[in-house]
Each structure stands twice: as C-alpha cells, then as structure tokens.
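Here the structure is laid out as structure tokens; the discussion comes afterwards.
Throughout, numbering of the chain's residues begins at 1 and tracks the sequence.
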Amino acid sequence: MSRFLNSGFLAAVLALWLGPHAVSRAQEAPAPVAVTFSEQANRHGVSGFGGEWDPHFWTERNGRRGCDEAAWRTLTDRIRGLGVSRVRTAVLPDWYEPENDNADPAVTDGAAFTWDSEQMRSLRRQLDFCQESGIRVTLTWWCAPARVAGGKPYWLGFAGSKQWCSAPNDAAECAENVAAVLRHLLVDRGYSCIDAFTFMNEPDWTYLNDENRVDFGHYAEVCRAIHARLVREGLRDRLELDLADDSSHRGWLQQTAGALGGVSDRLNAHSYVFSCEDPGYASAMRAWVRDRVVGCGALPFAVNELGTRHVQGAYTATDIETFERGFCVAQFALLGLNEGMTGALFWGLHDQYYYDGNPEDGSNGGLMKTNLMAYADEGWRMRPAGEAWSLVCRGAPRGARVHPGTSDSPEVDGVALVPPDGGGVNLLLVNRADAARKVTLCGIPAREVSLEKAEISTFGRNGGSGPETRAWTEPPALELPPETFLLVRFFGPKK
C-alpha cells in the first residue's frame, strides 16, 4: 500500500511516539488516556472485511471503456494490496436460467441453463481471482427481475412489481434455481472460495409481489425451501446461509432471527446511517451494532453493505473524495468489532458501469460512484476511503480473534486482533479529538509476541502513511495525533 500513501505524514506521526524526552509540558495536557484490551476474546472471530464486488468488469459495456487484461491486472493488484479477505458478489437468475428449464422443479434439466452468458463468464473470471488469492465470497442471489430485456416479464418474477426487482413467484422453482447455480459453481467449477450464500438483497423493501407488498412469511418459506433443496443435493454443508440482509430495517433482522434461526448460519444488515458530521456519532455506532448483535442471539452478525449517509440515489456518494468518509467507516469497523460484529463489506471496491444509460439520468449513466477506487480511466485511483479501509482489512484478517478494548476517553478507542496463524497482534486505534492524545495501552494479548518494535500505518487528514517500523516504548504507550486512525502490528512466530 505504500505506493498510495504519504510517507511525510507518517514521519510526523512517528515523531510523536513517546520517549523519555519526547513530550513537552504543553503536550502533557489533557491527562493520559488508558485503553485496556479484554483478556477474553469475542464469541465469534472475524468473518472478513472487504467490499461489494459485482461481476461487471468483463462485460461489453465496461470492455469498450478500457476494462481489458492490462486494466484487470492493475485492478487485482490493488485489491490484493487492500488486504481484502471477503467480497460480496451478486448473481441474478436470468443470467443462467432466462427461461424455465422445465415445468417440474424437482427435476433439473442442466442443458437448459446458459452457463456461458456474458455475466456468468464475468463472474467466473472474478471467482478465479478470489480462488487464487484466498479471498472468500458471499454469493448473493440478488432478486427475481420483474422484467428483462424489452420489458418482457421474467418467468420467476412478479411482473407487477413497481421496482425492477421482485420476490420469486414460486418457492420450489426458486430453490431449484439456487441449487443449480451453486452446484455449477461449487461442484462443476470447484470454487471453494464461495463459503456463504445470501438469498435476496435488501428484501425488507425489494421482496415485492404483484400487489407491491413485502411478505416476510413468503421470504421465510423460500429460505426454508432453499435450505431443504441444498440438503437434498448434498450442498448445504459446503457453505453458510447468511440471511436477513436488510437495509437497516431492525424489525426485518429480528423477524429473520426469530423465524429462521434453525436455517440461517449467520445474519447481516446494511448500514448507510452515519456521518462524522453528526454529534455523538461514535456512541450511535456502538448502540446500532450492539442492538443487532444482541438481536442475533448466538448467530454471528456482520454488515454486508457499508457506507455513510451521504448518498444521492443508489449510484452517487456525495462525500466520495473526503477524509471524513474514510474516517467514518474505519471507525465503524473498530467500534463494531468491540461490540461483537464479525465483519463489514464496504460498498464497493471500484467504480464500474452497471448499465448503459444517459449520463444525466441521475445515476451517472450507470457508473456506480460510491467506491474505494475510481474507474479504469483514472487507473483505479485509490480514494481516501480506500486508504482508511485498507488499514481495517489488513488489521482484521478473516479468522482473527477479537479482543475488545475499553477507553477512559470518549475520543479514543482501540481493538486488538490476533491473526488466525498466531503470527502477531494487530491494534486498530483512533483519536477523534482535534488535539493529540497520549495513550497507554494495557492488556495487549501478546503471549509469545515481542512488543519491542511495531509496524505502524496511519490515516489522517493528509492521507495515509506507512507501513514503517519503529521501536516501541516500555510500557506500551504512544501519542495519537488529532483525527487519526492507526494500524499497529506486532509480529511473532506463526503456527
């Protein structure tokens, strides 16, 4: 990541690390802050941090705008550099079953499926990369389109839906459709990187029937039918069902936890709620996550779409180039981990065209501009949010144990993470104040890890910096610059 980052800013940060003569009397006020890490790890480890990555790169609409093999190499190098350990990827039923294979959902006619459609080819290229790179995939069956090309009603959708998407109109046919694509990808193609499946994106408002009503009972029925079909076909043990996927509709998550606790392996929600502009936003983030973790009971909870509240429709983030956007989502990750959240996926990894349209249509003509990286014509330029989110992704790898931190200051927070290979300890730290704060770190779950030196990366108003290695003081203490998010890594012997 150093090729994206500002080494001058890191030098300024590292100059603040405590030593016997490093702190002036003026810097000693206010009183030092203590951050104490719990000896007991959270019940659930990290499920993964990363982002939405819908499979549109290898489509004609993006290909004629510069998405070629050279652009793909640059993009995938950037994704590796971000430290992404999980992506959420859409799949739609019309990509592979444009017409019903037959009238009997109990019998699948494999020859009737279009596994070589443009969108399926694009999906497989993306899955090839994830498989090679050790990135896990949450495959999301987006919806049943109400209509397809030319306005034709889609056979599995409700044509009366007021949205382009709808609920499936038949539970058994939907279960067959889902099982078919999972068998193709998991068995026929061998994509073990797909380890989770979500049925429907934001069903709390997209699960529409011909009366334009959202029917939770029908949603639960289809989820159970999918579960049963996957059991029947020997696919259920290959992945987790990650359900709810609501658009911050707390009631939907609670209903799903109550009705589908025996079907779902984990639950998730979306968050486009918060902004650094809002007074008390950190406390509000904590409460938002805590409420949902408690509501999920024993099941793990994650956020499968994350952004700020600064959105204009679905295609534009109005704070896209700001420090505040990155500072907000990085803090959400840290605070969420402290409250028991297992992961979060930023929407999304990079700009791309979802459709061809008029640039003045209010949706940038189909160019999604909400992402960590800009489009191919800018060489996948890393935005401030990307610099901040990389610290989270690299600091909280999939499978890490989470040791929540408590702080005696409302402006400073921290969390400790022990990677699954045992190769060290990572700390994510934040100072929200507009002045530097001296911090003492207590209870770092180091075990066999030396605390003599640390690798430090930072994100602040001047951008990102690092990593750079510096000696650690005894006892572990540092001075956090104002409005700064840090990743501190101690390295130890790997298992």
Side-chain angles (χ1 to χ4, degrees), residues 90-115 117 119-120 123 138-148 152-161 163-188 194 196-245 252 255-256 258-265 267:
V91 65
L92 276 88
D94 59 307
W95 293 356
Y96 56 88
E97 194 178 9
E99 302 289 346
N100 194 0
D101 66 324
N102 58 41
D104 185 357
V107 179
T108 301
D109 179 4
F113 290 80
T114 56
W115 301 124
S117 68
Q119 286 286 173
M120 290 302 293
L123 173 61
T138 299
L139 191 69
T140 300
W141 195 92
W142 207 253
C143 69
R147 290 159 295 279
V148 289
K152 177 184 176 182
Y154 181 56
W155 70 270
L156 189 54
F158 285 104
S161 170
Q163 304 290 344
W164 71 269
C165 49
S166 78
N169 57 32
D170 186 286
E173 288 286 3
C174 182
E176 180 197 18
N177 176 275
V178 168
V181 72
L182 290 177
R183 175 166 293 282
H184 171 72
L185 296 173
L186 296 175
V187 179
D188 299 343
I194 302 173
F197 176 80
T198 296
F199 169 63
M200 288 289 296
N201 172 70
E202 298 188 345
D204 54 306
W205 71 273
T206 66
Y207 201 81
L208 297 170
N209 58 24
D210 274 337
E211 289 74 45
N212 280 297
R213 291 188 301 105
V214 172
D215 184 348
F216 177 82
H218 189 262
Y219 168 80
E221 176 191 352
V222 177
C223 289
R224 293 189 191 99
I226 290 170
H227 167 77
R229 184 66 179 246
L230 296 182
V231 169
R232 170 187 150 185
E233 300 206 10
L235 298 171
R236 184 63 180 85
D237 291 340
R238 289 175 175 255
L239 43 68
E240 294 186 317
L241 291 186
D242 187 356
L243 302 180
D245 207 69
W252 188 273
Q255 283 181 289
T256 305
L260 295 169
V263 171
S264 185
D265 299 294
L267 298 169

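Side-chain N or O atoms of D94 include none that pairs as donor or acceptor with a backbone N or O of Y154 at under 3.5 Å. Between the side chain of R229 and the backbone N or O of V178 there is no donor-acceptor pair closer than 3.5 Å. Side-chain N or O atoms of W155 include one that pairs as donor or acceptor with a backbone N or O of E97 at under 3.5 Å. Listed for the R236 side chain is no donor-acceptor partner under 3.5 Å among the backbone atoms of A228. Side-chain atoms of T140 do not come within 3.5 Å of backbone N or O of A90 as any donor-acceptor pair. Panel note: side chain T198, backbone D242; a donor-acceptor pair is recorded below 3.5 Å. D101 places a side-chain N or O within donor-acceptor distance of the main-chain N or O of D109, the cut-off being under 3.5 Å. Looking at D210, its side chain does come within 3.5 Å of a backbone N or O of G160 through a donor-acceptor pair.
In this structure, M200 and T206 have side chains that are in contact, with non-hydrogen atoms separated by less than 4.5 Å. For the pair C143 and W164, the minimum side-chain heavy-atom distance is below 4.5 Å. Between S161 and N212 there is a side-chain heavy-atom pair separated by less than 4.5 Å. Proximity of D215 to E221: side-chain heavy atoms (C-beta onward) are nowhere separated by under 4.5 Å. At least one side-chain heavy atom of T114 sits under 4.5 Å from a side-chain heavy atom of P98. The closest side-chain heavy-atom distance from L123 to Q119 is not below 4.5 Å. Using a 4.5 Å heavy-atom cutoff, the side chains of P145 and P93 are in contact. Side-chain atoms of Y219 and Q255, non-hydrogen and from C-beta on, never get closer than 4.5 Å to each other.
Of the inter-residue distances, the one linking R238 atom CZ with I194 atom CD1 reads 11.0 Å to the nearest 0.5 angstrom. Distance check, rounded to the nearest 0.5 Å: OH of Y207 to SG of C165 gives 12.0 Å. Atom CG of N100 is separated from atom CG of N177 by 9.0 Å, given to the nearest 0.5 angstrom. Rounding to the nearest 0.5 angstrom, the gap separating the CG atom in N169 from the SG atom in C174 is 9.0 Å. Distance check: L260 CG to L241 CG gives 9.5 Å after rounding to the nearest 0.5 Å. Separating the CD atom in Q163 from the CZ atom in R147 is a distance of 9.5 Å, to the nearest 0.5 Å.
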Let's go through V181 and F113 carefully: what are the C-alpha distance in whole Å and the side-chain angles of both, what is the deciding distance for side-chain contact (heavy atoms from CB on, under 4.5 Å) to 0.1 Å, and is it a yes or a no? CA-CA 9 Å; V181 72; F113 290 80; over 6 Å; no
Show your working on side-chain contact (heavy atoms from CB on, under 4.5 Å) between V222 and H218 and close with a plain yes or no. CA-CA 6 Å; V222 177; H218 189 262; 3.7 Å; yes
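A pairwise comparison of heavy atoms in L239 and A196 identifies CB-N, 3.9 Å as the closest pair. Contact record, V107 with N102: O-ND2, 2.9 Å, taken as the closest heavy-atom pair. The shortest non-hydrogen separation linking A175 to A225 is CB-O, 3.6 Å. Taking both residues in full, the closest heavy atoms of D245 and N201 are given as OD2-CA, 3.3 Å, listed atom of the first, atom of the second, then distance. The shortest non-hydrogen separation linking A167 to A144 is O-CB, 3.8 Å. In terms of heavy-atom proximity, A244 sits nearest to L267 at CB-CD2, 4.3 Å.
Below 30°, between 30° and 60°, or above 60°: for W252 and F216 the angle between ring planes is above 60°, a perpendicular geometry. Taking the six-membered ring where the residue is Trp, W115 and Y96 present parallel rings, their angle staying beneath 30° rather than reaching 60°.
Salt bridge present: E99 and K152 bring a charged side-chain N and a carboxylate O closer than 4.0 Å.
Partner of W141 under the ring pair (Phe, Tyr, Trp, His ring centres under 6.0 Å) criterion, out of W95, F197, F199: F199 alone.
In the displayed structure, D237 atom CG is contacted under 6.0 Å by at most 12 heavy atoms of other residues, nucleotides or ligands.
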